[in-house]
Each structure stands twice: as structure tokens, then as C-alpha cells.
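Have a look at the structure below before the remarks.
We count ligands from 1, going down the list as the structure has it; atoms in each ligand are counted the same way.
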Amino acid sequence: MPQLNLILLGPPGAGKGTQAERLVDDFDLPYYATGDILRAAVQEGSELGKKAKEYMDRGDLVPDEVIIDVVIDRVDSNEAEDGFLLDGFPRNLEQAHALDRELDRLGRDLTAVLLVEVSDDEVIRRLSGRRVCTKNGHLYHVEFDPPKNEGVCDQDGSKLIQRDDDHPDTVKHRLDVYREQTSPLADFYEERGILRRFDGARSTSEVHDHIRATLATLRLESEL
Ligand SMILES: [Zn+2]
């Protein structure tokens, strides 16, 4: 079986986590979301984890070189020998170049970069409509999945609130950061001919079907 070495790109609210879950099932790949593997490295107490923890404890961003080492550590492991799905990495061109160098060293190539595209308006609509219950964290959406009684959780009667992260101003800021860092990445991978675009305005199932079909084709092509 040819490897599937994949990167998942897309703005907050694009549903990357859900797509990742399904792709992991379809293709039996390990999923490396940067935040998760950083936390895992810290918990394991590895040398890298200790280094990352120093920054996290101070509330500083973990520097590129440490993140790169943590990611490569996973990519260069037995569980990822048939491929991997990266999410949240690379986040900028420096990280993308570093990933290239390291994959080169391992004699591996990126198979595809999957970009789930969603307009800013749609992201704001999706995220700023989210509500979470204060007691058990049950999730609602004022438009797509409203509670029976406004502002009250159906399951436990507790109050529904909007998380700070989902506030329209915060969402806009997150989008600005994303556009600034990620547009150059999309161009970079487009020039290499490995960027695949997906219309994130479609339903989760449609996006998933499209990505799965694309990957199945890529796999077939690389077997020829
Ligand atoms: Zn609840």
C-alpha cells in the first residue's frame, strides 16, 4: 500500500475535526492535531515534552523548532509508517519548509494537502451561533440545532452561554490570523501540485465523500 501522508487545512469552524475522525476510520491513519500531541508529549514527560512544558507553563507560544521536533517524532514512528493526518501543522511557511526537510531526510513525500474552504461569513455564522450549557457542556446552535426553550439546555435545564472563543469579534480575529498565515501555505502547496480544495459550505457527509474519493484516486494513481 502506498503511504498517505496528509495535511488538513481550513479555517476554524470548517469541521476539520469531524472530517479527520472519518478519514482516520476510512484509511486507518494516525491523526496528529498539534495541540493534542503537544499535550501528550508533556504528559509522557519526554525530553521534548519537558521543553514544550517550559513554554506552556510561562504562557508562551511553543517555538517552531520544538513543535517540529514533536511532530516529526510522531511521523517517524511505527504507527505512522503507512501515513498520517496532520492538523494544525504546519501553521506557517517556516514550519512547512521544516516539515519538507524532515520528510526528505526520512525519504517520504507529502501525498496531499486537503484544504476545506469556508467563507468568513459562513464561519462567523457557524461559530457565533454556538451555545454551550453551563452544567454539562451540551452543545447547541441557535440556527442549526436550537434548544426547545431559548437559552435553556433541553437535557439538564441549565443556562446556555456563548463561549468567549465564539464571540463574533474573537471569531473575526481568529479568521484574520488564519488568513494571514495560511494563504501563503495554500499557495505554496498549490505550486507543488499537491493542494486539493474542498467546498466546506457543503454538508459534512458531502465533504467527507469528496475527500474520501479524492484520496482513493490518489492511492490508486500512486500504485500504478
Ligand atoms: Zn446541558
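- The pair Asp156-Lys135 does not meet the salt-bridge criterion, since no charged nitrogen lies less than 4.0 angstrom from a carboxylate oxygen.
- Geometry about the Zn ion (ligand 1) gives an angle of 120° between SG of Cys153 and SG of Cys133, rounded in steps of 10 degrees.
- If you check the side chains of Glu122 and Ser119, you find no donor sitting under 3.5 Å from an acceptor.
- Per residue His138, closest N, O or S atom to the Zn ion (ligand 1): atom name ND1.
- Counting only heavy atoms from C-beta outward, the side chains of Thr182 and Val177 never approach each other to under 4.5 Å.
- A donor-acceptor contact closer than 3.5 angstrom links the side chains of Asp64 and Gln95.
- Restricting Asp156 to its N, O or S atoms, the one at the least distance from the Zn ion (ligand 1) is OD2.
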